[in-house]
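To keep things clear, I will list the structure first and then write my remarks on it.
Fair warning: this is a prediction, and the values are worked out from it, not measured in the lab. Letters A, B, ... mirror the listed sequences (proteins, then strands); counts begin at 1.
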Amino acid sequence: MMGNCQACCNRPKNTNIRISLPAICFVWQISMIILFGVFVRYDEESDSHWVEYMHKNNITSHVENDFYYRYPSFQDVHVMIFVGFGFLMTFLKRYSFSGVGFNFLIAAFGIQWALLMQEFANGISSCFIINADFCVAGCLIAFGACLGKVSPVQLMVMTLFGVTLFAVEEYIILNIIHAKDAGGSMTIHTFGGYFGLVISWVLYRPNLHQSKRLQGSHYHSDVFAMIGTLFLWMFWPSFNSAIANHGDGQHRAVINTYLALASSVVTAIAISSLSHRRGKLDMVHVQNATLAGGVAMGTAAEFMIMPYGSLIVGFCCGILSTFGYLVLTPFLEKHMKIQDTCGIHNLHAMPGLLGGVIGAITAATASKSVYGHEGLVNTFNFVDEFANRSVGTQGAHQAAGLCVALIFALGGGALVGGILKLPLWGDPEDCNCFDDEVYWELPEDEESIPAIIEYNNQMDSKRFDM
Amino acid sequence: MMGNCQACCNRPKNTNIRISLPAICFVWQISMIILFGVFVRYDEESDSHWVEYMHKNNITSHVENDFYYRYPSFQDVHVMIFVGFGFLMTFLKRYSFSGVGFNFLIAAFGIQWALLMQEFANGISSCFIINADFCVAGCLIAFGACLGKVSPVQLMVMTLFGVTLFAVEEYIILNIIHAKDAGGSMTIHTFGGYFGLVISWVLYRPNLHQSKRLQGSHYHSDVFAMIGTLFLWMFWPSFNSAIANHGDGQHRAVINTYLALASSVVTAIAISSLSHRRGKLDMVHVQNATLAGGVAMGTAAEFMIMPYGSLIVGFCCGILSTFGYLVLTPFLEKHMKIQDTCGIHNLHAMPGLLGGVIGAITAATASKSVYGHEGLVNTFNFVDEFANRSVGTQGAHQAAGLCVALIFALGGGALVGGILKLPLWGDPEDCNCFDDEVYWELPEDEESIPAIIEYNNQMDSKRFDM
Amino acid sequence: MMGNCQACCNRPKNTNIRISLPAICFVWQISMIILFGVFVRYDEESDSHWVEYMHKNNITSHVENDFYYRYPSFQDVHVMIFVGFGFLMTFLKRYSFSGVGFNFLIAAFGIQWALLMQEFANGISSCFIINADFCVAGCLIAFGACLGKVSPVQLMVMTLFGVTLFAVEEYIILNIIHAKDAGGSMTIHTFGGYFGLVISWVLYRPNLHQSKRLQGSHYHSDVFAMIGTLFLWMFWPSFNSAIANHGDGQHRAVINTYLALASSVVTAIAISSLSHRRGKLDMVHVQNATLAGGVAMGTAAEFMIMPYGSLIVGFCCGILSTFGYLVLTPFLEKHMKIQDTCGIHNLHAMPGLLGGVIGAITAATASKSVYGHEGLVNTFNFVDEFANRSVGTQGAHQAAGLCVALIFALGGGALVGGILKLPLWGDPEDCNCFDDEVYWELPEDEESIPAIIEYNNQMDSKRFDM
C-alpha cells in the first residue's frame, strides 16, 4: 500500500531505476578506469622509486614520507565522510537505509572523480586522497538539503557536476586568488551549502506535506544520528588540519577547531533549552548546531586567531546555527520555497560564510609581531609570485575567494537543479518522499508495527459496525 | 501522562530548566572566553614561531613536533570520551538521548575548564588537550553513578567542581608526590569512581523503585551501548599510552593494556555464564566488566610489568568486576544507600584502586637488572630533585598518591553532593527518573508502542465489561 | 515459549553452557598466563632498554621506533576486528547480542593465542599485535559462515584450532615459500573463507528451515550492520598497509586499496539494482559486496598494480560478489549442503582467491623498468637467500602460497568441523537457531512486540469463535 500513490496521484511517477542506476554506474565506472589508465600514476612518495628519491634528496628517514604526516588525519576525515555524514542522515524514521546507503554510493563514486578532477598531471598521494574526500564533502552537504526527495540517479548526476564545479572553484580560490582555506569554510561549506539550497529551491515540491507522516524521527533513528554527529564533532580538528602546514600549522589548526567546537556545543544547547516552553532540548539542535563551530573555523584554523578567538567563534556559531533551525528553516520553507531537509543552511551555509569572513578579517589583521617573520611567510605561503603580498591584500583576496565560492554555488546550483528537474531520473512522488520503500527492499517484519496500528484501527471501525 | 506525576506526588518538583540551564551555559562560556583571553596562549609547538624554535634548538624535522607523537592517541582518547562514555550510557530503554547528549554537553564544557585549570601559565599544546580529555573522564565516570537521577544543570555544576578537584588532585599526585600514573588508575578512575559514588550516596532516593519500569534496557539500546563498550575497549591502549614517554614508554603501555583487556574479556564472560542457572550471559557484564583490565593497568602500563603480568591483572579484574555487578551493586543499594546506575564501583572504583596498588607494588619491585639504568631513570623520571629516589621510596609515594586520590574523591564528593542536594537544580521526581521525556522533546511516534499495548489492555478490560 | 522446542523436538538438545563455557575460558586463560610467563617478553622497541638500543644503533629519534609507523594503522585494524566484524554480524533480527558479543569473546581470546603461536622466541611489539589481530580475522570470517548455528563453546574451540592452523599456514606461505601477502588475500581471506565453509558443510543442518522466522533482518538491525560495513570499508586501506614496507610500501598499499574499494561500491550497487524487478537495492549487497574490492587487493596492494589496475580489481569484485549473493549462496545451500549465514563465500573466499591470483600475476609481470632496481628488491624483499629470485619464480611461489592456504582451509575445516560435530558443545536445536534467547538474558520488554502480534492473532481467532 505504501509506496504507490493511487490515493493522491492520477499518473504516478515511475520510480523504477532498474535501468538508469546500473547504466549510470557502469558507464561512469568504466570511464573512470579508462581515464585513470590514461592520466593517473603514483607520485614520487607512493611510487616504488621512493628509495631512490630519498637518496637523491638527502631524505634520511621513511618518516619524512608525507604519508606519516597525513595518514592519521586522512582516516579521521574518511570516517567523517562515510560514518559522519552517513549516520547524520539516518535521523528520519523510515529513511535510514537511504541516508547511509546513498551517502556511501555517491561518496565512493565522487572520490574517484575528484581524484581525476583535481590532478590530471601529478600522481596520487595521501594529500590527494584527503582532498578527494574534501571534494566529495561539498556534494554530501548538498545531499542533506535534498534528503528524501531525490533518487539515487539524481544524486549521482549531482555528484558528477558538484565535484567538477568544486574542483574548478577550489583551483581558482587556492591557486589563482591564493586564498588560504585549509578546512574549507569557503570552498566546501559555503559552496556545498548554497549549491544544495539552490538545487532544493529549483526542485521545490509544493505538495511535500503529503509526506508529512514520514518527515519526523524515531527514538532510535535519533540515536543513530548521534553516531554521525559525534564522529563529525570529534574528528573535525583533523578535517581542518589535514592539509595544513606541517608542524605548527597542523598543531594550531587542531587546537583552534577543538576549542571552537567545544564552545558551540555549550551555546547550541543553551539556545535549544531557552527556546522551549519547559526548557526541553531538541535533538535536531544537538545533532547539528553543535558542529557549527568547526565549520566556521575552516578558514582561520591555521591562523593565529588565539585560543579565546576560537572560543568566540564557536560561541557565536552555536547560537546562530540553533536560531537558524528555530527561525530560518521554517521561514525559508514558507517564504522562499526552499525545503532544506537537514537544515544545511544552518549547519554549513551560514557558518561557512561566517568562517570565510572571519578568515578574511584574521588574515587582514595578521602582523609580524604576532606571527614572527618566518611564521607569517609560512602561514600565508607568501613565496614566489606572492612574496610581496601584504596581509591587507591577503585579507581582500580571502574575501574575493568567498565571493567566488558563492558565485559557483548559486550558478552551479541553478544549472544542476535544472538538469535534475528533467523527468528522467526516477524521483519519488510528493506523497512518497522520505520513504526507503521506494528504493530499497525492506525487511518484512518492519511492516509489523504499522500493520498492528492499522489492524487496530480496522478493528476499531469494525467494532462500530457490529 | 508519563512525565508528570500527579499519581504519586502531591507537590511535584519543578523540572523546568529553561532559565537555569541557558543561564549557567552562557555565564560559564563567557567566563571561559574572558579567562582564555587573559591566560591562555599557544605553546612553542603550536605557535607560528615554531620554525624559529626549530632552528634555535637544532630540530631538523617537523616530525619532532610533539603533535605527531601524540595526535593519533589523542583522537582515540577523544573517541573514548565522546562516543565511548556517551554510548555506554545509552543502555537504558528511555534514557539514550540523555546518556549520549548530557555526556556531550558536560564533556564539551569540562574540557575548556580543564585546559584552564591545568595550565594557567604555559600555552596549550596537544599534550594539554589530551589531558583535558582525561580530566573530564573523571566527571563522566561520576555521571555514570548518577545517570537518570540528575538534571543537566546538576551535571554542569558537578563538572565544574569535579574538574577543579581533579586538577588539584592530579597536580599533587604527579608533581608534588611525583607518583607515575600515565593511564590514571588513581587520578581518574579511583577519584572519579568514589567521587561519583559519594555524590550518589548524598543524593540517595528512597523511592527510586517508583521508576522501576524504566530502569531496564531495550534490545536495541543494549546494542547501542556495545558501540560505547567496544570503542572504549579498543582505544584503551591509546588512553594508557597517550601521555607516556616517547619511544618504549608509549609502546609498552600499549602492549600491556592490550593484553590486560583481552584477558578480562575472557574471565568476565566466564563469570557471567557461571552465575546464571542456565549459563546465559548478561549484557551488563559484557558491556562493563570486560573493560576492567584497562582501568587496572592505568598506573602500571608504562612499567616493566611483563606480558604475563598484564594478563594476570586482566584475569583478576574481569572476575572482580563481574562479581561486583552480581553481588556488590545490589548490596551497596540495599545496605549502603548508594544507587549506582551504571555500576561504576565495579568498572572504575575497584579496578582503579587495584590499579593503584599494582602500580605501587610494581614500582617498589623495579630493578636495574630488569629496566637497565637509563630505562629506570626514564620510566620513573628520576631526574632533578628526584634523582636519588629509590624504587622503594617510589613505591611508597605511589601508595601515597592513591590515598590522595581517595581523600579528594570522598571529601569532594561529599561537598559536591551537598551542593547538588539544594532544591535549585530541576532534578526529576523519584517516580520520573530514567526518563528522557523530562528534559527532551521526544519524537511523537515513539509513544506508538506503549499506546498499542495500552489500547489492547483497554480493549481487554472493555471486553469483560461487555 | 521461544527458546524451548517441545513443539518440534522429542529429545531437545542441552544448550546449558554453564559449566563448559566458564571451564574452557578459565583453563585457556590460565594456560595463556603460564605460557606467556615462560615464552613472551617485550622486544627491543618496547623494552625499557630502548634508549640504550638507540645509542647502540645510532638511532637519533624516538620516532624511528616502529610504534610510530604502525600504531595508527594498528588501531584501524583493531576497530575492523571488533567493531567492523562485530557489527557486521548484528544484521539478524534477534541475534545482534551474539553477533557482536561472541565476536568480542573469540577475538579477545584469539589474539592472545595468536601472539603465542606466531612468535615464541622474539618479544612482542606493535607489529606482533597487528599480526595477532590479522590472525584472528581468519576465525571471525569462519564465524560468519556459522553465525546463529553454533554455541560460544564451539566458537572458542574453533578459534583455538583456527589460530593454530593460521599460524602454521602463514609461516609456510610468508617465510618458507616467501610469497608476499601484506593484506592477507591468501592467508586470511582464502583460508578463513574456505575454513568456515567446510565447517559449515560438516555441521549441515537439514531442518534449519524451522528457524526461518528468525533468519531475516530488522530495519534497525540492518542499520547497525552498516556501522560494521562502514568501519571495515573505511579502514581497509589500513588493513592492507599495516605491515607493508615503510615509506612507499605503506603509502601505495593505501592508495590501491582505497581505489579498489571505491570501485566495488559502485558496481555492487549497480548489480543489486539490476537484479530486482523494480531496481530496488538490497541491504545484504550494500553491507557485504561493497567490501570485496578490499579483500581482493590484499596480496597486490603493495605492488605497482597502478591506480587503474586497482579500479579494475574493485570493478570485477563488486560484480562477482553481488552475483555470489544472488546466485551462489542459494545454490550452495540447496545443492552443496553449505549453509553460509553471512555469505562469506562471496565476501571473503572468492575475492580472496581472486586476490591471490591477481597477486601472482602482478608479481610475475613485475619489471625493473616499472619498479626500479631498488624498488623491485624492496617490494618483493629479494634479499639474502632470495636475492636471485626472478619475478617469474616469485609469481609461481605466489600461486603456491595460494594452494597452501586452500589446503590448510579444506583440511583444517574438515578436522575442526569433525570436532565441533561431537555432541558436547551445547549448540542449539535446528528450530532454535539465530536466537539470542538461547545464550543471553534478554531485556524483558523485548517480548512486547511479538506479544502484541500474538495477542492480536488470538483475538482474531477468538473473534471467529464468538
Side-chain angles (χ1 to χ4, degrees), chain B residues 63-64 68-69 72 76 93 216-220 222-223 226-227 230-231 233-235 238 246-248 250-252 254-255 258-259 261-263 265-267 269-271 273-274 276-283 286 290 304 307-308 311-312 315 371-372 374-376 378-379 449 452-453 456, chain C residues 16-19 21-22 25-26 28-29 32-33 36-37 40-42 45-52 54 61-63 65 67-68 71-72 75 78-79 82-83 86 90 96-97 100-101 104-105 108-109 111-112 124-126 129 220 224 227 439-446 448-449 452 455:
Chain B
V63 89
E64 294 298 328
Y68 299 102
Y69 286 92
D76 294 349
K93 73 180 84 164
S217 65
H218 178 273
Y219 190 70
H220 283 155
D222 265 330
V223 183
M226 280 304 290
I227 298 174
L230 289 176
F231 276 102
W233 192 91
M234 295 181 302
F235 289 162
S238 300
H246 287 179
D248 63 298
Q250 286 194 284
H251 204 153
R252 194 162 55 247
V254 162
I255 289 169
Y258 176 92
L259 291 173
L261 286 163
S263 172
V265 173
V266 177
T267 54
I269 286 181
I271 299 293
S273 175
L274 199 59
H276 185 276
R277 196 174 45 84
R278 293 187 49 78
K280 291 188 186 182
L281 301 173
D282 188 333
M283 258 293 166
V286 176
T290 52
M304 294 286 286
Y308 71 91
L311 289 181
I312 293 172
F315 186 92
Y371 283 76
E374 275 193 273
L376 198 65
N378 288 338
T379 304
I449 299 174
I452 300 166
I453 296 171
N456 284 346
Chain C
N16 190 330
I17 52 170
R18 189 182 186 181
I19 304 305
L21 183 62
C25 286
F26 277 115
W28 289 355
Q29 192 58 53
M32 285 301 121
I33 292 172
F36 269 65
V40 181
R41 295 292 172 270
Y42 304 113
E45 299 203 315
S46 54
D47 191 282
S48 59
H49 291 79
W50 161 249
V51 178
E52 291 161 31
M54 284 174 75
S61 166
H62 284 300
V63 89
N65 192 310
F67 178 75
Y68 299 102
Y71 191 62
Q75 275 298 6
H78 216 39
V79 172
F82 289 89
V83 164
T90 58
S96 304
F97 284 15
V100 69
F104 193 18
L105 172 63
F109 165 68
I111 51 179
Q112 299 177 51
I124 46 175
S125 162
S126 53
I129 59 177
H220 283 155
F224 278 119
I227 298 173
Y439 302 114
W440 295 86
E441 286 191 80
L442 295 185
E444 280 172 32
D445 68 279
E446 184 46 20
S448 60
I449 298 173
I452 300 167
Y455 171 84

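- Residue B:Ile227 touches chain C through both its backbone and its side chain, counting heavy-atom pairs closer than 4.5 Å.
- Between B:Pro307 and C:Phe36, the shortest heavy-atom contact is CB-CD2, 3.8 Å.
- The structure places NE2 of B:His276 at 9.0 Å from CZ of C:Arg18, a figure rounded to the nearest 0.5 Å.
- Take B:Glu64 and apply the side chain to side chain contact (heavy atoms under 4.5 Å, CB included) test, not counting sequence neighbours, and it matches B:Ile59, B:Tyr69, C:Ser61, C:Val63.
- Of the possible polar contacts, one joining the C:Ser48 side chain to the B:Tyr371 backbone as a donor-acceptor pair under 3.5 Å is found.
- In this structure, the side chain to side chain contact (heavy atoms under 4.5 Å, CB included) partners of B:Asp282, at least two apart in sequence or on a different chain, are B:Ser272, B:Val284, B:His285, C:Glu441.
- Contact of C:Asn16 with chain B is made through backbone and side chain together, with heavy-atom distances under 4.5 Å.
- The main-chain N or O of B:Ser238 is found under 3.5 Å from a side-chain atom of C:Tyr71 such that the two form a donor-acceptor pair.
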Exercise for the section: Decide side-chain contact (heavy atoms from CB on, under 4.5 Å) for B:His251 and C:Trp50; before the verdict, give the C-alpha distance in whole Å, the side-chain angles of both, and the deciding distance to 0.1 Å. Expected result: CA-CA 10 Å; B:His251 204 153; C:Trp50 161 249; over 6 Å; no

Handout entry: Derivation of the side-chain contact (heavy atoms from CB on, under 4.5 Å) call for C:Leu442 and B:Lys280
Key = CA-CA 9 Å; C:Leu442 295 185; B:Lys280 291 188 186 182; over 6 Å; no

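- Without hydrogens or angle criteria, C:Gln29 side chain to B:Leu311 main chain gives no donor-acceptor distance under 3.5 Å.
- Of all the listed residues (C:Gly86, C:Gly101, C:Cys25, C:Pro72), the one sharing the greatest number of non-hydrogen pairs under 4.5 Å with chain B is C:Cys25.
- With respect to chain B, the highest number of heavy-atom pairs below 4.5 Å among C:Thr90, C:Leu21, C:Val83 belongs to C:Val83.
- Atom CG of B:Leu259 is separated from atom CE of C:Met32 by 11.5 Å, given to the nearest 0.5 angstrom.
- Nearest heavy-atom pair across C:Ile17 and B:Gly279 is CG1-O, 3.6 Å.
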Problem - Test side-chain contact (heavy atoms from CB on, under 4.5 Å) applied to C:Leu105 and B:Leu281, step by step - result: CA-CA 12 Å; C:Leu105 172 63; B:Leu281 301 173; 5.8 Å; no

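- Top candidate by heavy-atom pairs under 4.5 Å with chain C, chosen from B:Asn378, B:Ile269, B:Val223, B:Val265, is B:Val223.
- Distance check: C:Trp440 CH2 to B:Ser273 OG gives 10.5 Å after rounding to the nearest 0.5 Å.
- Only the side chain of B:Ile255 comes within less than 4.5 Å of a heavy atom of chain C; its backbone N, CA, C and O stay farther away.
- Looking only at side-chain heavy atoms (C-beta outward), C:Phe67 and B:Asp248 stay at 4.5 Å or farther from each other.
- The shortest non-hydrogen separation linking B:Tyr219 to C:Ser96 is OH-N, 3.0 Å.
- Only the side chain of C:Phe224 comes within contact range of chain B, with at least one heavy atom under 4.5 Å from a heavy atom of that chain.
- Inter-residue side-chain proximity for B:Val266 and C:Trp28 is flagged as unmet; no heavy-atom pair is nearer than 4.5 Å.
- Residue C:Gln112 touches chain B through its side chain alone, counting heavy-atom pairs closer than 4.5 Å.
- In this structure, CZ in C:Phe104 is found 5.5 Å from CG in B:Leu230, a value given to the nearest 0.5 Å.
- If you tally non-hydrogen atom pairs under 4.5 Å between each of B:Thr379, B:Asp222, B:Leu261 and chain C, the highest count goes to B:Asp222.
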Problem - C:Phe97 vs B:Val286, side-chain contact (heavy atoms from CB on, under 4.5 Å): CA-CA, chis, key distance, verdict - result: CA-CA 10 Å; C:Phe97 284 15; B:Val286 176; over 6 Å; no

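- Smallest separation of non-hydrogen atoms from B:Ala270 and C:Phe26: CB-CE1, 3.7 Å.
- Using the six-membered ring where Trp is involved, C:Tyr68 and B:His246 have ring planes that are perpendicular, over 60° apart on the 30 and 60° scheme.
- For chain B, no part of C:Ile19 is nearby; none of its heavy atoms comes within less than 4.5 Å.
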